[in-house]
Chemist: 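One structure, as structure tokens, below. Some questions next.
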Amino acid sequence: MTMHALENHPALTLVRLPHAQDLDLPAYETAGAAGMDLRAAVPPSEPVTITPGGRVLVPTGFIFEIPAGYEGQVRPRSGLAFKHGITCLNTPGTIDSDYRGEVKVLLINLGVEDFVVERGMRIAQMVIAPVTQVAIREAGGASATARGAGGFGSTGSK
Ligand SMILES: O=c1ccn([C@H]2C[C@H](O)[C@@H](COP(=O)(O)OP(=O)(O)OP(=O)(O)O)O2)c(=O)[nH]1
Ligand SMILES: [Mg+2]
């Protein structure tokens with residue numbers, strides 16, 4: 001596990017669950033990593049097989065107390081996607097700052113071979129990002145703009 005000093009950054013509190021006792025903490029693998037890698041907290045004696053087209057909810061073994069004003073984004077790892085066709089089905093997964101359950105990763109196998117998830121395997125990554133909550137109001141009509149309702153290629157293809 002690689003630790004990097006991140007003074008003056010918002011604090012992330014992690015709560016280790018009993019089935020994650022021997023797992024490394026989620027951590028940034030390099031100084032400039034955007035995401036901290038998440039490990040599979042499947043039982044050591046029970047690796048999980050994802051068949052082609054199949055999906056599995058994989059536990060990480062940790063509760064993330066995300067600071068208010070931020071969210072957690074669970075994203076795929078490109079290496080698993082490239083080599084095995086393994087990705088996150090609901091990418092990016094959204095971890096709310098008030099969520100106090102275990103973070104889980106919904107993996108899907110878009111490859112052509114079985115993929116085996118073993119304990120401690122780095123299966124996804126978590127990016128902490130600021131979010132803005134807006135004051136929601138309803139209006140009777142939309143304000144006028146140059147674009148108007150044009151979209152989906154309305155400005156041309158060149
Ligand atoms: O990949 C994910 C996505 C979500 N969650 C947890 C944290 C999140 O705060 C909660 C709810 O996620 P979301 O809002 O995406 O799901 P929902 O289907 O809208 O469920 P809910 O009604 O609980 O909000 O589930 C995960 O552990 N992993
Ligand atoms: Mg929701």
Side-chain angles (χ1 to χ4, degrees), residues 1-4 6 8-139 142 151-152:
M1 181 180 61
T2 315
M3 298 285 286
H4 297 283
L6 289 169
N8 304 320
H9 287 66
L12 173 72
T13 302
L14 297 174
V15 178
R16 185 187 295 271
L17 295 167
H19 56 284
Q21 282 316 318
D22 59 312
L23 288 186
D24 286 342
L25 270 184
Y28 297 109
E29 296 292 324
T30 63
M36 62 194 92
D37 284 348
L38 302 175
R39 294 176 184 273
V42 296
S45 55
E46 295 172 37
V48 172
T49 298
I50 316 178
T51 55
R55 60 181 190 265
V56 168
L57 198 55
V58 182
T60 65
F62 287 89
I63 296 168
F64 284 64
E65 290 205 12
I66 307 227
Y70 293 82
E71 63 161 333
Q73 299 176 356
V74 178
R75 301 191 194 173
R77 295 187 67 208
S78 64
L80 291 180
F82 179 57
K83 293 177 201 158
H84 305 288
I86 294 293
T87 188
C88 298
L89 178 55
N90 59 323
T91 188
T94 303
I95 310 300
D96 301 291
S97 66
D98 57 355
Y99 178 65
R100 293 295 178 268
E102 179 179 15
V103 168
K104 296 182 179 175
V105 178
L106 183 54
L107 292 180
I108 185 165
N109 183 354
L110 301 181
V112 292
E113 293 177 355
D114 284 0
F115 183 78
V116 180
V117 178
E118 291 174 342
R119 184 174 184 79
M121 182 181 276
R122 287 178 291 141
I123 50 168
Q125 59 190 315
M126 166 90 76
V127 172
I128 307 296
V131 290
T132 303
Q133 275 193 340
V134 295
I136 299 170
R137 67 182 180 91
E138 185 173 355
F152 310 97

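Order of appearance sets the numbers: ligands from 1, and atoms from 1 within every ligand.
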Chemist: Between Thr91, Asn90, Leu107, Val74, which one has a non-hydrogen atom sitting closest to atom 3 (C) of ligand 1?
Modeler: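 Of the listed residues, Asn90 has the closest heavy atom.
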Chemist: Name the option, out of Asp98, Ile95, Thr94, that contains the heavy atom nearest to atom 26 (C) of ligand 1.
Modeler: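 Selected option, by shortest heavy-atom distance: Ile95.
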Chemist: Determine, using heavy atoms of Val105 and all atoms of ligand 1, whether some pair is separated by less than 4.0 Å.
Modeler: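 Not so, Val105 does not reach ligand 1.
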Chemist: Taking side chain to side chain contact (heavy atoms under 4.5 Å, CB included) as the criterion, tell me which of Asn90, Ile50, Ile108, Leu110 meets it with Arg55.
Modeler: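 Checked Asn90, Ile50, Ile108, Leu110 against Arg55; only one passes side chain to side chain contact (heavy atoms under 4.5 Å, CB included): Ile108.
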Chemist: Are more than 12 heavy atoms from other residues, nucleotides or ligands located less than 6.0 Å from atom CZ of Arg77?
Modeler: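 Yes, because the 6.0 Å sphere around CZ of Arg77 holds more than 12 heavy atoms from other groups.
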Chemist: Using heavy-atom distances only, which candidate in Lys104, Glu71, Met126, Gln73 approaches atom 28 (N) of ligand 1 most closely?
Modeler: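 The option holding the nearest heavy atom is Lys104.
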Chemist: Is there a side-chain contact between Pro52 and Val112 in this structure, where contact means two heavy atoms from C-beta onward sitting under 4.5 Å apart?
Modeler: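 Pro52 vs Val112: side chains apart.
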Chemist: Heavy-atom distance from atom 24 (O) of ligand 1 to the protein below 4.0 Å?
Modeler: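 Given the 4.0 Å cut-off, atom 24 (O) of ligand 1 does not count as touching protein heavy atoms.
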Chemist: Quick check on contacts: which atoms of ligand 1 are under 4.0 angstrom from a heavy atom of Gly93?
Modeler: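 Going through ligand 1 atom by atom, the ones under 4.0 Å from Gly93 are 1 (O).
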Chemist: Taking side chain as C-beta onward, heavy atoms only, is Tyr99 less than 4.5 Å from Ile66?
Modeler: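 No. Closest side-chain heavy atoms not under 4.5 Å.
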Chemist: Do Thr60 and Val105 have side-chain heavy atoms sitting under 4.5 Å apart?
Modeler: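 Yes. Closest side-chain heavy atoms under 4.5 Å.
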Chemist: Are side-chain heavy atoms of Phe62 and Glu102 found at a separation under 4.5 Å?
Modeler: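 No, side chains not in contact.
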Chemist: Please confirm whether Leu106 comes under 4.0 Å of ligand 1, counting heavy atoms of the residue only.
Modeler: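 So Leu106 does not count as touching ligand 1.
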Chemist: Taking side chain as C-beta onward, heavy atoms only, is Val56 less than 4.5 Å from Val117?
Modeler: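 Val56 vs Val117: side chains apart.
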Chemist: Which atoms of ligand 1 sit under 4.0 Å from any heavy atom of Val103?
Modeler: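 The list of qualifying atoms is 27 (O).
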Chemist: Quick one: does Met36's side chain get under 4.5 Å of Phe64's, heavy atoms only?
Modeler: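 Of all side-chain heavy-atom pairs linking Phe64 with Met36, at least one is under 4.5 Å.
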Chemist: Check whether any side-chain heavy atom of Leu80 sits under 4.5 Å from a side-chain heavy atom of Phe115, and report yes or no.
Modeler: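 They are in contact (side-chain heavy atoms under 4.5 Å apart), so the answer is yes.
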Chemist: Can you check atom 12 (O) of ligand 1: any protein non-hydrogen atom closer than 4.0 Å?
Modeler: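 At least one protein heavy atom is under 4.0 Å away.
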Chemist: Among all protein heavy atoms, pick the one closest to atom 14 (O) of ligand 1 and tell me residue, atom and distance.
Modeler: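 The closest heavy atom on the protein side is Asp96 OD2, 4.0 Å.
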Chemist: Distance below 4.0 Å between atom 1 (O) of ligand 1 and any protein heavy atom?
Modeler: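 Answer yes: something from the protein, a heavy atom, is under 4.0 Å.
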Chemist: Protein heavy atoms near atom 9 (O) of ligand 1, is at least one of them under 4.0 angstrom away?
Modeler: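 It does: a protein heavy atom is found less than 4.0 Å away from atom 9 (O) of ligand 1.
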Chemist: Is any heavy atom of the protein nearer than 4.0 Å to atom 19 (O) of ligand 1?
Modeler: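 So atom 19 (O) of ligand 1 lacks protein heavy-atom neighbours under 4.0 Å.
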Chemist: Can you find a protein heavy atom under 4.0 Å from atom 5 (N) of ligand 1?
Modeler: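 Yes, at least one protein heavy atom sits under 4.0 Å from atom 5 (N) of ligand 1.
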